[in-house]
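Atoms considered below: every heavy atom in the structure, side chains included; atoms not considered: hydrogens, waters and symmetry mates. Predicted model only: the values in this text are computed from it and were never measured.
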Amino acid sequence: MIISIDNPNVYFKLFYLLAFTFIFLVVIYKSIKRGYHLRSVLLMLTTISLFTVIGSRLFTIPIQDWLSAISTKSLVFNNRSAIGGLLFGLVGLVISQRVFGFNRPMLDLYAWIGPFALGIIKFGCLVNGCCYGLPFKGFWAVHYPKGTHAHFNQWYSGLIENEALLSLSVHPVQLYESLLLFSIGYIVWKTHKLFKKNASALLFGLFLFFMMRFGIEFLRDPNGSQFSSIYYWGLRSYQWSMLGYAILTGLLLWIYETRTQKEFIKGLQNSPYIHVDFIYIICISLILYTFRALFSSYELLVVWIKFIPAILLSLYYLYSDTKLKRYRVLTSVLLLAPFYIFAQTIPNQMPEIKQYKRIDFGASFGDFANEIAFNPREGECGTSYDYEYYKQVYQMIGLGYSQVTEKYNRTYTYGINLSGGNLKSTNLETNTKQSEFIFAANPFYKIDGEWIGLGFGLQLGKLRINKFEELNENNIEDAKKDYNIIPEFYVSVGPRKYLDVDFNYGFMMPSAYPTLYSRSSIGSSLGLGHDYSFRYGRIWNLETDYVSAEALITDQFGINLMYVFKDNSFDYLDYDASGKLVFSLNYRFGHKTK
């Protein structure tokens with residue numbers, strides 16, 4: 001079997017991400033079933049991922065070089081160790097268990113999904129050609145091409161000629177290891193209920209893992225190992241260490257299960273205290289900042305895809321629990337620190353002038369309420385009115401075209417959007433209904449600078465917006481009021497790469513949104529540029545909050561999502577508005593670089 005793959009390191013990264021994604025999905029699924037607080041679960045996942053990555057890197061670096069490794073980017077320190085990742089990840093699990101009080105089911109869960117995840121990563125090692133096996137003539141043996149570790153080390157050792165296109169056939173030891181790791185995960189899964197104590201399943205899994213690594217080294221080429229090749233009594237020092245760890249872990253398991261009454265790790269009630277989460281987030285941020293030079297981009301990704309949702313859920317809890325109202329401002333400022341650190345992990349790029357065209361397609365749907373005051377008359381305390389209340393249900397679509405120029409840290413955008421859709425109005429007291437078609441054309445122009453952003457435009461057509469109306473008329477047939485022209489403007493202040501605040505009056509095209517015309521928010525592009533953002537804001541005319549996110553999925557396709565939390569207008573009329581969704585997709589083409 002010949003393994004010859006273009007860019008094998010890409011496949012290693014893919015399997016690396018798949019392994020952490022597998023852990024993420026399984027833990028989230030089990031946590032939802034058991035009713036754990038998701039923000040605490042996500043912080044636990046962040047901790048384990050962070051410690052696993054740190055351990056896999058530091059375990060291959062001499063202790064005297066650790067300071068150099070974490071302070072400067074270096075291609076010298078680019079090896080990884082599954083043993084280091086497993087041991088440090090276990091430390092992260094114990095720390096998060098003690099902080100958040102997860103009980104035995106979570107510990108048992110990690111005891112079997114850990115080996116499964118390592119088995120997935122080993123498929124990446126197989127195609128990458130690292131930690132390869134000894135020469136072997138079996139029909140399932142593999143050959144590696146030039147540019148791989150196996151080919152280079154065999155040439156350097158004089159086993160093959162420099163002109164050889166392929167290495168000698170070798171044991172696919174990474175495949176053996178994957179199958180054995182899957183077997184270990186299965187065995188632990190089937191036997192974890194037989195143990196009496198917390199953490200016994202973890203110790204059993206470690207015992208099997210160390211025994212497997214001791215045995216598999218008999219088939220691994222010592223030149224492909226990143227550890228010492230010194231032999232003692234016919235075995236490498238690394239094998240002796242694995243055997244020693246296995247004996248120690250097995251003995252510890254036996255004593256723990258049969259000779260002690262105490263639990264190593266006590267199962268506490270899952271802690272819902274929000275202040276614990278906030279302090280914990282700051283600590284993780286400091287660790288990330290300290291070790292940022294050691295991580296590759298995909299290693300950072302497996303941490304941030306869990307850390308960012310954990311921060312957002314903590315923010316949501318902070319603003320949804322009225323008991324925490326007095327802590328909101330200070331805590332929100334503290335929770336912006338991780339986003340600053342995230343921005344520091346993004347490599348800087350030299351500015352260049354880029355131009356491209358963009359097509360947007362979007363939609364929005366939801367419902368809202370109107371209060372209409374009419375029939376003014378003199379009352380005891382001034383003018384009094386009669387009132388009618390209306391529910392409005394809408395479905396809108398939009399299409400936009402724009403020209404974008406990125407130049408010297410500024411982004412210039414101009415274009416036009418078209419939108420249309422149906423708006424159904426229901427009188428909440430008489431239950432009479434009426435539908436109408438609304439549409440708009442929206443020319444606009446925006447400039448987003450490094451610190452200041454400005455924009456303006458017009459919305460022309462048959463338009464509707466949501467606000468309470470006072471009509472100095474004696475009667476009213478419906479809540480509708482058409483607008484033929486609405487000005488729009490936009491302003492933002494702050495370093496948009498890290499943190500800025502903005503105010504929008506309009507500027508929601510192409511997914512026209514008739515309920516929203518006045519809003520402000522705070523957010524960040526996370527150090528990635530104007531194509532990425534996460535924002536949390538307030539819609540003033542609805543008196544409710546929203547979250548939005550924008551990202552560039554590929555060089556050509558982007559997505560923009562916005563969710564508006566439900567408002568509670570007119571509850572006394574048995575009307576409870578739902579949350580509202582706005583989304584759009586965009587396609588970029590005609591790229592030019594000057």
Side-chain angles (χ1 to χ4, degrees), residues 7 10 13-14 17 297-298 301 304-305 308 342-343 346-364 396-420 440-459 488 490 492 495-498 500 502 504 506-513 521 523-535 547-563 581-594:
N7 299 319
V10 172
K13 295 176 184 177
L14 174 63
L17 293 173
S297 57
Y298 63 92
L301 180 61
W304 282 108
I305 60 176
I308 290 178
F342 178 74
I346 306 302
N348 292 324
Q349 297 180 350
M350 294 298 292
E352 58 182 357
I353 301 174
K354 295 189 295 184
Q355 291 181 332
Y356 60 88
K357 300 175 178 62
R358 170 171 164 166
I359 293 177
D360 290 77
F361 173 79
S364 61
M396 303 291 297
I397 60 173
L399 181 67
Y401 171 83
S402 57
Q403 173 83 44
V404 181
T405 302
E406 300 176 13
K407 182 178 180 181
Y408 306 128
N409 293 324
R410 292 191 184 96
T411 304
Y412 303 85
T413 308
Y414 65 90
I416 187 169
N417 301 302
L418 303 174
S419 61
N442 167 226
F444 67 93
Y445 183 80
K446 286 178 63 177
I447 303 175
D448 286 302
E450 193 171 4
W451 280 80
I452 301 293
L454 297 171
F456 58 88
L458 293 173
Q459 297 183 26
E488 63 178 11
Y490 149 84
S492 69
R496 61 173 179 156
K497 188 175 181 180
Y498 306 116
D500 70 299
D502 70 4
N504 282 268
F507 265 102
M508 270 305 297
M509 299 295 189
S511 49
Y513 186 42
S521 66
S524 171
S525 66
L526 309 179
L528 298 174
H530 74 283
D531 293 311
Y532 301 84
S533 74
F534 175 81
R535 310 198 68 83
V547 291
S548 67
E550 181 179 5
L552 193 59
I553 301 173
T554 69
D555 289 339
Q556 293 181 296
F557 287 95
I559 187 170
N560 197 329
L561 296 171
M562 178 178 183
Y563 182 76
L581 178 67
V582 183
F583 73 91
S584 65
L585 301 172
N586 58 77
Y587 172 72
R588 295 118 189 275
F589 63 99
H591 290 76
K592 297 179 182 179
T593 302
K594 297 182 181 180

Drop me the distance from [X]'s [atom1] to [Y]'s [atom2], to the nearest 0.5 angstrom.
X    : Y    : atom1 : atom2 : result
L418 : D360 : CG    : CG    : 12.0 Å
S521 : F534 : OG    : CZ    : 10.0 Å
L585 : I359 : CG    : CD1   : 12.5 Å
N442 : L458 : CG    : CG    : 8.0 Å
K357 : H591 : NZ    : NE2   : 10.5 Å
S364 : M562 : OG    : CE    : 10.0 Å

Working for side chain to side chain contact (heavy atoms under 4.5 Å, CB included), residues L561 and V547: CA-CA 8 Å; L561 296 171; V547 291; over 6 Å; no

Testing the basics here: between [X] and [Y], what is the closest heavy-atom pair and its distance to 0.1 Å?
X    : Y    : value
N560 : A549 : OD1-O, 3.3 Å
L301 : L17  : CD2-CD2, 4.0 Å
N417 : G400 : OD1-CA, 3.1 Å
P495 : W451 : CD-CZ3, 3.4 Å

Apply ring pair (Phe, Tyr, Trp, His ring centres under 6.0 Å) to [X] and list each qualifying residue two or more places apart in sequence or on a separate chain.
X    : result
F444 : none
F557 : Y587
F456 : none

Which residues pass the side chain to side chain donor-acceptor pair (under 3.5 Å) test with [X], sequence neighbours left out?
X    : answer
R588 : Y356, D531, N586
Y532 : none
S533 : none

Set of salt bridge (charged side-chain N to carboxylate O under 4.0 Å, His left out) partners for R535, sequence neighbours left out: D500, D502

Donor-acceptor contact below 3.5 Å, side chain S492 vs main chain G453: yes

Sequence-distant partners of I308, side-chain contact (heavy atoms from CB on, under 4.5 Å), two or more places apart: W304, L312, F339, L526

Partner set under side-chain contact (heavy atoms from CB on, under 4.5 Å) for L454, not counting sequence neighbours: I452, V491

